[in-house]
There are 2 protein chains.
Amino acid sequence: MIRHADGLSIGQVSEATGLSVHALRFFEREGLFLRPIPRSAGGQRVYDPADVEWLLLCNRLRDSGMSIATLRRFAELVRSGPGNEHERLALLEEHERMVRARIAELEASLAVIHGKVVTYRRHLHDGTAAGLWAPAPS
Amino acid sequence: MIRHADGLSIGQVSEATGLSVHALRFFEREGLFLRPIPRSAGGQRVYDPADVEWLLLCNRLRDSGMSIATLRRFAELVRSGPGNEHERLALLEEHERMVRARIAELEASLAVIHGKVVTYRRHLHDGTAAGLWAPAPS
DNA sequence: GTAGAAACTAGAGTGCGCTCTAGATCAAGC
DNA sequence: GCTTGATCTAGAGCGCACTCTAGTTTCTAC
């Protein structure tokens, strides 16, 4: 078997990206790669470092809440080559807006939660019960 | 039927909290309320404003990523009355840590995504292709 | 050559958090 | 009384994103 430079097995890519081998096969079925992943003589996937780089970006997009469907749309745009950069930009800008909105939402919730934490700390420190939930609300 | 002051129907609570009536019944089955919700003579749920306030806090906790299971645990602690404030505080502090970690993760992803957006904008503005994903990665 | 690890496929199963269905009952306005 | 809309129960169904299974084949090391 010809193992050309930089050829990576699915296990190595799993290791490098944190995605399970199951997830990598799933991503491939879902059309999330930028190219068809080539196979060795025996039928095993042979990835290259660019695939790993792409997967690391995918991880960022997924972790920040992009759906598989949207990620597939982005992959399709990149796969179909130059000429659609406006669409790619629009997709990324839209996602950026979503992430910023999500952060703002989390910060608003955090303020409420932290307020509760402070209230409980005060209660435990000096024995007042103001602001705590009673077992049977009035 | 005696409609006592402040009695709210499930529809009104749905309106006030943004939770669907289905979700409100689901929450009840899941033990997320601080008390058994009383029923009218005809068997319909009668909520009061304290239930709505609790649900608004639940929304904050859920929106910030707390699972139903953890929320139930918190509800159980509050229901079981005074004496477990240390546990309630620990639960809230743990959740606060998780929210802060999530915000940090989102901000890290945001930096990457924004970097891509800037790259695409530059590309579209002056025609360079550096840093863009090619259709077939080298 | 052989043992054991790793990879293959197609497809079923899982966990979460609702969401919806069906068929019945209840409430409010005319 | 009648219609219309809200609510009731128990339980099935759904969308998402994997995750796992089963049975087979390939690869690596000795």
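Excluded from the calculations below are hydrogen atoms, water molecules and symmetry mates; all remaining heavy atoms, backbone and side chain alike, are included. Please read these numbers as outputs of a predicted model, since none were measured by experiment. Reminder, nothing fancy here: chain letters follow the sequence lines and each chain counts from 1.
Atom NE2 in B/His22 sits roughly 17 Å away from atom P in D/dA12 (whole-Å rounding). Put simply, CE on B/Met66 is 18 Å from C1' on C/dC18, counting in whole angstrom units. As a whole-Å value, the separation of B/Gln12 CD from C/dA28 P is 11 Å. Following rounding to the nearest Å, B/Ile37 (CD1) and D/dT9 (C1') show an atom-to-atom distance of 17 Å. Regarding A/Asp63, its CG atom lies at a distance of 13 Å from the C1' atom of D/dA17, rounded to whole Å. B/Leu24 places its CG atom 14 Å from the P atom of C/dC20, with the value rounded to the nearest Å. Across the protein-nucleic acid pair, B/Leu61 atom CG and C/dC16 atom C1' stand 17 Å apart, rounded to whole Å. Whole-Å rounding puts the A/Leu8 CG to D/dC27 P distance at 16 Å.
Put simply, A/Ser9 has no side-chain N or O that comes within less than 4.0 Å of OP1 or OP2 on D/dC27. For the pair A/Ser40 and D/dC27, the criterion of a side-chain N or O lying under 4.0 Å from OP1 or OP2 is met. Not one side-chain nitrogen or oxygen of A/Arg45 sits closer than 4.0 Å to the OP1 or OP2 atom of C/dA7.
For A/Phe27, the side-chain atoms get nearest to D/dC18 when compared with the rest of D/dC18, C/dT19, D/dC20. Of the listed nucleotides (D/dT19, C/dT19, C/dC8), D/dT19 has the atom at the smallest distance from the side chain of A/Ser20. The listed nucleotides are C/dA27, D/dT26, C/dG17; the one nearest the side chain of A/Gln44 is D/dT26. The A/Ile68 side chain lies nearest to D/dA17 when the options are D/dA17, D/dT9, C/dT19. Candidate nucleotides C/dG17, C/dT9, D/dC8 were compared by shortest atom distance to the side chain of B/Arg39, and D/dC8 ranks first. Proximity note for A/Arg29 (side chain, C-beta onward) versus D/dT19, C/dA7, C/dT21: the nearest is D/dT19. Proximity note for B/Ile10 (side chain, C-beta onward) versus D/dT7, C/dG17, D/dA17: the nearest is D/dT7. The side chain of A/Phe26 lies closest to D/dC18 when the candidates are D/dC18, C/dG17, D/dT7.
Nearest-nucleotide positions on DNA chain C for A/Gly11 and B/Gly65 put A/Gly11 closer to the 5' end.
Using a 4.0 Å heavy-atom criterion, one finds that B/Arg25 contacts the bases of the nucleic acid, with or without backbone contacts as well.
None of B/His95, B/Arg102, B/Glu96, B/Met98 except one satisfies the side chain to side chain contact (heavy atoms under 4.5 Å, CB included) rule with B/Ser64; the exception is B/His95.
Between B/Phe33 and B/Tyr47, the angle of the ring planes lies from 30° to 60°, which puts this pair in the tilted group.
A donor-acceptor distance shorter than 3.5 angstrom exists from the side chain of A/Glu85 to the backbone of A/Gly83, with no hydrogens or angles considered. In terms of modelled atom types and a separation under 3.5 Å, the side chain of B/Ser14 and the main chain of B/Ile10 share no donor-acceptor contact. Remark: side-chain polar atoms of B/Asn59 are paired, donor with acceptor, to backbone N or O of B/Thr17 under 3.5 angstrom.
A salt bridge links B/Glu28 with B/Arg39: at least one charged nitrogen is closer than 4.0 Å to a carboxylate oxygen.
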